[in-house]
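Working notes for the structure below.
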Amino acid sequence: MNDERIVLTQDKGQSYTAQLLYLIVAGYIAHTVYYAYWGPTARIQGPWLARFTRLWELLKVSKGHFEQVNIDLHKKYGPIVRISPNTFSISDPSAIKQIYLGRTTLMKSKFYEPFGDPLDPNLFSETDIKKHAQSRKAVAHLYSMSFLVTYEGSADRCNVQLCAKLRDFARHRTAFDVPTWMQFYAHDVIGEITFGEPFGMMAKGQDEHGIADSIDETIAYASRMAVIPELHRWVSWFGRVAHLKTPFHNIQKYILEQIDSRSGSDSVGIDFLKKLLTLREDDKITQLDIEKTVGNNIMAGADTTAISLSAVIYSLLKNPGTETKLREDIDTLAAAGKLSNPVTFEQARHMPYLQACIKEALRVHPAVGRPLLRVVSPEGLTIAGQYFPGRFQGNSRYQCLVAHYNEDIFGRDATTFRPERWLESDKEKLSVMEQSLLAFGAGVRTCIGKNLSMLEMSKVIPELYRQFEFELSESEGAWMTWNNWFVKPAFECYVRLREGV
Ligand code: HEM
């Protein structure tokens, strides 16, 4: 009798639990459907599946061409499109000012969390506005124009090494993988600038220390997890508890070895790390700040510059007229004794056609291929005529390429590489174009390494075109790209030493 009663009680308990579960699932479905069709942003068009789940975005992201998907969505649905139930992409130029440059700064969304440790975010992944401002203030001067001069020697040493390698390729008449060699080059420059020594990638002709692979794996994880950032906290927690090694561990190990070897009182050099160690001695930053800052240089500083350099070379190859013009400019300045060997940043900064070529390559092929997501502030915001209520924590975002291919801003030839557009536009138009150029982001979260990268590119390109001629390898049609946050291209070319060099 007693047993029977127990069984009856258990049955009742189970059915209550099941009913509760059904209720929760039904409530969730009802809420999702209500929100999708009658919510405050229900009128915004987009793929059907994206109304209900982030799965649509995740699937598209994993196919590696999200920048193109984003452009196609705008062509189909207009200036505001739905990417997921709570995320919208905007192509109206007025939105750039509101989202990134407005008086009330919009926070970075949780999208960025997987690019760092959820418990201790880095400068890039930090979403809190105040904490970010504090961290940025502590190190911003190290990336400023006035500090750049101390990094020029690092770039010069790597330029010599790159040119020597290209001479080898020219001598053996072998096609070389341009983006990979630009990656070796850019990593070595970051190594030189940050630690006072290159990673040795150009010297060995390989990914020394496995740094580039570790970055690829870390970014591949982060760029997918960014769609479901809530999960990152759990994955990180599990990784910590189970003592799992993430790909970033390899980079961290290298960083710690470098810091350890330099922490003695007789530490020498004027590199980035030395400057950070001095700031630590003055109690202005902590050991962890050093690790995170150095980590950011490695994670964010090399691939971006390598992609942009590859974009310059590829665009010039595809537009021989512009290449001839750039070369003529370089030769004329050299003949007039206005271009030293090595080319200084000061000289390169005053070469308008060179700067226009770099800017145009950054425009047609921005290195970052996913939208720069921001959260609408609690009081809500009307963007391009659409009200986004703050309490819904809607994400709005602008994708670089969407902005850069906007024909209202850049003209009907917006998809064409034409450096002249930066030289012939009047002041007003130029200012609108500049504001729409998002290759380095915009506003308070703009790229902290922009000056460094511009220094590298401005100095190395004149060296390359003064000494070499490039030719796409015969098999090359259009280049292939893969978007994992960074849009990495793949192409090969032959290189020849110019006559008289
Ligand atoms: C051509 C080269 C580069 C490109 C195209 C580029 C692009 C960008 C973009 C688009 C952002 C803004 C991301 C956002 O708003 O979501 C950014 C931020 C950042 N970049 Fe770069 N970057 C380049 C070079 C560098 C270099 C050389 C470094 C360091 C040595 C660097 C370090 C950073 C950091 C730390 C941030 C986060 C800044 C913050 O949130 O305050 N980048 N970069």
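Just so it is clear, the model here is predicted, and its values are computed rather than measured. In listed order, ligands and their atoms are each counted from 1.
- Checked for salt-bridge contact, D72 and K60 miss the test: no charged N lies under 4.0 Å from a carboxylate O.
- Applying the ring pair (Phe, Tyr, Trp, His ring centres under 6.0 Å) test to residues at least two apart or on different chains, the pairs with a partner in residues 211-231 are Y221-H232.
- For E67 and R370, the salt-bridge test fails: no basic side-chain N is under 4.0 Å from an acidic carboxylate O.
- When only non-hydrogen protein atoms are considered, atom 7 (C) of ligand 1 lies nearest to A439 O, 3.4 Å.
- F486 does not carry K488 over the face of its six-membered ring by the limits of under 6.0 Å from the centre and within 45° of the normal.
- Ring centroid separation for the pair Y254 and F199 comes in under the 6.0 Å cut-off.
- Residues passing the ring-ring contact (aromatic ring centres under 6.0 Å, His included) test with F169 are F176, W181, sequence neighbours excluded.
- Of the charged side-chain nitrogens involved, at least one lies within less than 4.0 Å of a carboxylate oxygen, so that R421 and D413 count as a salt-bridged pair.
- Under a 4.0 angstrom heavy-atom cut-off, H132 registers as being in contact with ligand 1.
- With waters neither drawn nor counted, the protein N/O/S atoms under 2.8 Å from atom 21 (Fe) of ligand 1 amount to 1.
- Atoms of ligand 1 found under 4.0 Å from any heavy atom of S308, numbered from 1 in the order shown, are 1 (C).
- Interface atoms of ligand 1 facing L452, defined by a heavy-atom separation under 4.0 Å, are 30 (C).
- Protein heavy atom at the shortest distance from atom 16 (O) of ligand 1 is Y112 OH, 2.3 Å.
- Ring pair Y405/F410: centre-to-centre distance not below 6.0 Å.
- Taking only nitrogen or oxygen atoms, main chain and side chain alike, R445 reaches within less than 3.5 Å of ligand 1.
- At a threshold of 4.0 Å, the pair E192-R157 counts as salt-bridged, since one of the basic side-chain nitrogens sits closer than that to a carboxylate oxygen.
- Below 3.5 Å of separation, one finds no N or O of N297 facing any N or O of ligand 1.
- For a threshold of 3.5 Å applied to N or O pairs, the pair formed by W485 and ligand 1 contains no separation below that value.
- Applying the ring-ring contact (aromatic ring centres under 6.0 Å, His included) criterion to H350, with sequence neighbours excluded, gives no partner residue.
- At a threshold of 4.5 Å between non-hydrogen side-chain atoms, the residues K108 and L373 do not count as touching.
- Comparing E126, R136, K108 against atom 38 (C) of ligand 1, the shortest heavy-atom distance belongs to R136.
- Looking only at heavy atoms of the protein, atom 15 (O) of ligand 1 is closest to R374 NH2, 2.9 Å.
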